[in-house]
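These notes concern the structure reproduced below.
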Number of protein chains: 4
Amino acid sequence: MISKAPVQFQRRGRPRSERAQQAILGAASDLLYEQGLSAMNVALVAERAGVSKATIYRWWPSKEVLALDAFATDWETISPVQSPDTGSLRGDLHERFRIFWRLMRARPVGRVLTGLAAHAQADQEFAELYRERFLEPRRIATREIFQRALDRGEIPADADVEVALDLLYGSLLHRLFQGHAPLDDHFAHEVVELVVAALESRTSA
Amino acid sequence: MISKAPVQFQRRGRPRSERAQQAILGAASDLLYEQGLSAMNVALVAERAGVSKATIYRWWPSKEVLALDAFATDWETISPVQSPDTGSLRGDLHERFRIFWRLMRARPVGRVLTGLAAHAQADQEFAELYRERFLEPRRIATREIFQRALDRGEIPADADVEVALDLLYGSLLHRLFQGHAPLDDHFAHEVVELVVAALESRTSA
Amino acid sequence: MISKAPVQFQRRGRPRSERAQQAILGAASDLLYEQGLSAMNVALVAERAGVSKATIYRWWPSKEVLALDAFATDWETISPVQSPDTGSLRGDLHERFRIFWRLMRARPVGRVLTGLAAHAQADQEFAELYRERFLEPRRIATREIFQRALDRGEIPADADVEVALDLLYGSLLHRLFQGHAPLDDHFAHEVVELVVAALESRTSA
Amino acid sequence: MISKAPVQFQRRGRPRSERAQQAILGAASDLLYEQGLSAMNVALVAERAGVSKATIYRWWPSKEVLALDAFATDWETISPVQSPDTGSLRGDLHERFRIFWRLMRARPVGRVLTGLAAHAQADQEFAELYRERFLEPRRIATREIFQRALDRGEIPADADVEVALDLLYGSLLHRLFQGHAPLDDHFAHEVVELVVAALESRTSA
DNA sequence: CGGTAATCGAGACGGTACGTCATGTCTTACA
DNA sequence: TGTAAGACATGACGTACCGTCTCGATTACCG
């Protein structure tokens with residue numbers, strides 16, 4: 001949950017309904033994938049979850065935060081936490097993005113993500129939350145892969161890992177968001193190959 | 001203009017008011033940059049342009065299409081049509097993206113672009129228009145740069161130009177959209193360097 | 001025509017198109033009977049008449065005046081000018097209202113008339129026109145019938161003919177406007193009988 | 001109120017704001033009398049009532065139905081429910097129409113009523129509502145007066161009461177709607193006298 | 001016979017109201 | 001105190017019709 005501090009001892013009054021929270025996130029997630037953020041409206045989430053609108057607004061400050069929570073929660077349940085360690089940068093990246101890619105294609109994630117990104121532009125606080133909840137976890141895991149490559153001396157110590165991350169995620173999300181070209185295995189493979197080639201070539205420089 | 005075919009001989013009836021169209025696009029563009037797509041509302045555009053809402057809807061089917069038209073028109077007026085030719089792939093790309101970058105920073109373009117991209121996810125027809133009007137023109141110009149490099153033999157004949165384009169535009173737009181790291185000159189420079197290095201290193205492979 | 005003074009000698013410039021005027025009145029009349037005043041819109045009249053909106057507004061100051069003109073013109077073509085003279089008040093009235101009644105039922109006149117009456121409440125000038133063009137001609141003709149009855153001594157010299165007219169036309173139009181009861185022959189007959197009975201009974205008073 | 005069934009036990013959810021409903025009907029009624037139906041617009045009613053447009057549309061399906069409700073409600077509050085019983089048909093009718101007449105003149109009712117009647121011609125469902133809400137209540141009360149006269153034997157058993165009602169209301173509303181002659185006491189008196197005379201004279205027939 | 005002028009078709013325009021929809025808040029009764 | 005039900009304010013949406021306007025094209029007369 002995003003919204004409230006964890007229960008410490010035992011709060012007074014009727015306890016928060018766990019069932020309701022699950023139902024809300026589930027319904028929100030479903031609607032999000034069906035139509036995207038702009039079509040996920042709170043009244044509909046409430047109806048599908050068998051819950052009142054007030055209950056939703058009690059725990060999430062806006063529909064966008066709810067959407068982010070639903071989306072990230074869903075993503076977390078289907079995505080492995082651990083980065084693979086195959087022994088080489090190339091191998092690790094291929095493995096990691098193979099999985100990432102599969103998840104991306106399993107759900108119409110572009111619709112959701114562009115909506116969240118758009119809202120983040122208009123709301124600083126939400127932007128922070130969005131990066132924390134979706135972007136950074138992915139980057140951290142991938143950063144570890146580069147760290148291992150640095151430790152192994154595969155890439156030069158001054159390699160700009162942050163830029164490499166942007167090349168990887170940026171190009172993938174670009175195709176996802178803009179839809180101008182297919183998101184196939186060949187593309188994912190080629191992106192990784194080119195980024196690795198770039199970093200390695202600069203090693204000798 | 002998006003909406004009408006060019007004048008052929010002499011159209012019957014009262015001619016479309018050039019002044020009104022300019023004013024509408026101008027007002028829309030202003031509002032777009034001030035607040036972003038979601039805050040640009042048609043009544044306000046009409047008021048600022050000194051025009052009636054009906055006139056807007058006569059020529060643009062929705063506020064999003066108007067926004068796209070205003071944004072692309074604005075972009076076209078400030079953006080050079082020609083790709084530079086410095087004699088080398090590296091030089092051409094640096095030059096091109098230096099300009100692109102400057103334009104990006106001259107206006108709060110992120111808010112607008114994410115808004116348009118988000119809407120494109122919900123509206124197929126609009127997505128087509130969006131790519132045609134914003135995305136493709138940029139890619140075409142950059143593709144020419146790669147073509148010249150291919151002609152000069154700087155990069156291998158089988159180099160995947162489309163992927164290179166996605167690496168370039170994807171990573172730049174990624175930072176613009178997600179806002180997780182600064183959009184500085186160093187970054188723009190590094191992206192181009194890495195992409196060129198990648199393509200060249202694979203030449204020798 | 002309502003709108004312009006008659007041509008005196010020969011006006012300069014292109015003469016008014018007789019064909020267009022007929023087509024406009026015809027189209028307006030058709031639409032009026034089909035749907036009533038509120039559904040008769042000027043653009044549609046123009047389209048049906050194969051005429052431009054500007055031409056309509058050149059000759060009629062508003063859609064209501066056009067409607068009144070179309071309605072009254074239509075009514076005049078189907079309605080006999082002369083009042084019958086059967087020799088008795090009762091006979092004359094039955095004859096007159098038999099015809100009036102038949103016309104009323106031949107066309108969905110209620111839809112049109114209520115619209116015009118409603119507009120007359122909001123527009124003094126139009127109200128004047130409306131009475132002049134529709135109401136008074138009918139009353140004048142019926143007044144003649146009463147005058148003959150007075151001349152014959154059928155009804156007392158102090159009989160209030162104006163009230164009698166209101167009883168006759170008022171009750172008929174009431175059913176037409178409100179639609180709470182059928183507009184059958186029995187009703188028309190009974191109305192005339194009661195009014196004649198009332199006037200005659202007061203003779204003896 | 002038109003819209004909802006009466007409260008049974010205790011309804012769930014936030015109860016309908018009684019204050020808002022009163023304010024809406026009041027504002028609508030005011031505007032109706034000030035300018036007539038066509039000038040009563042929903043946004044203005046909302047503003048005057050200190051209420052949102054959405055609240056109005058929640059309870060009334062169109063501005064016309066709202067207008068009817070406001071008009072009828074207003075009429076009900078100022079109009080006595082009971083028919084007078086003076087012991088004679090003539091007395092009862094004079095008394096009843098004296099009151100009716102006073103109400104009619106107390107407010108610019110013509111504009112409102114013609115507007116409603118005109119709309120009823122274009123909307124079957126509304127027509128039903130209009131008769132139910134405005135027309136029938138008046139006729140029912142007056143029918144009682146005739147019933148008493150029948151019971152007393154003042155008028156023949158086969159007298160057509162419905163036609164008599166149309167003569168009374170029709171002629172009064174005729175002057176109100178068409179405005180061709182004044183709505184004075186003399187007229188109201190004369191109408192009643194003539195109708196009574198007609199019914200009585202046919203008694204002896 | 002060419003100029004002048006009113007008229008016409010086409011259709012763009014400003015204005016104004018309509019009715020709909022979604023957000024987020026609030027007010028009840030019940031658990 | 002939490003929750004379901006649902007009323008409410010706010011504010012934008014896109015549509016429709018009105019009456020005005022601006023063109024070019026047409027059709028008379030008048031000099």
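Everything quoted here is computed from the prediction, not taken from an experiment. Residue numbering restarts at 1 for every chain, and letters A, B, ... go by the order of the sequence lines. The analysis underlying the following values was restricted to heavy atoms, covering all of them including side chains, and did not include hydrogens, waters or symmetry mates.
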Hey, can you tell me if D:F126 and D:H119 have their rings parallel, tilted or perpendicular (30° and 60° cut-offs)? perpendicular
If we count only N and O atoms by modelled type, under 3.5 Å, do the side chains of B:E18 and B:Q22 hold a donor and an acceptor together? yes
Report yes if some heavy atom in the side chain of D:L37 is under 4.5 Å from a heavy atom in the side chain of D:F71; otherwise report no. no
Along nucleotides 8-15 of chain F, 5' to 3', which nucleotides get a B, which get an S, and which get a -, given that the test is a protein heavy-atom distance under 4.0 Å? SBB-SSBB
Does A:A118 have any side chain to side chain contact (heavy atoms under 4.5 Å, CB included) partners at least two apart in sequence or in another chain, and if so, which? B:T114, B:A118
With sequence neighbours left out, the residues meeting side chain to side chain contact (heavy atoms under 4.5 Å, CB included) with C:S52 are C:A54, C:T55
Can you measure C:W60 atom CH2 to F:dT20 atom P for me and round it to whole angstrom units? 15 Å
Under the side chain to side chain contact (heavy atoms under 4.5 Å, CB included) rule, collect the residues that match up with D:S62, sequence neighbours excluded. D:E64, D:V65
Report the distance from atom CD of D:E47 to atom P of E:dA17, rounded to the nearest whole Å. 11 Å
Any side-chain hydrogen bond (donor to acceptor under 3.5 Å, both in side chains) pairs touching residues 25-37 of chain A, not counting sequence neighbours? A:Y33-A:D74, A:E34-A:R48
Interatomic distance, D:R133 atom CZ to D:L116 atom CG [nearest 0.5 angstrom]: 11.5 Å
In this structure, which stretches of DNA chain E are paired as stems of three or more consecutive Watson-Crick or G-U pairs, both distances less than 3.5 Å? E:1-31 with F:1-31
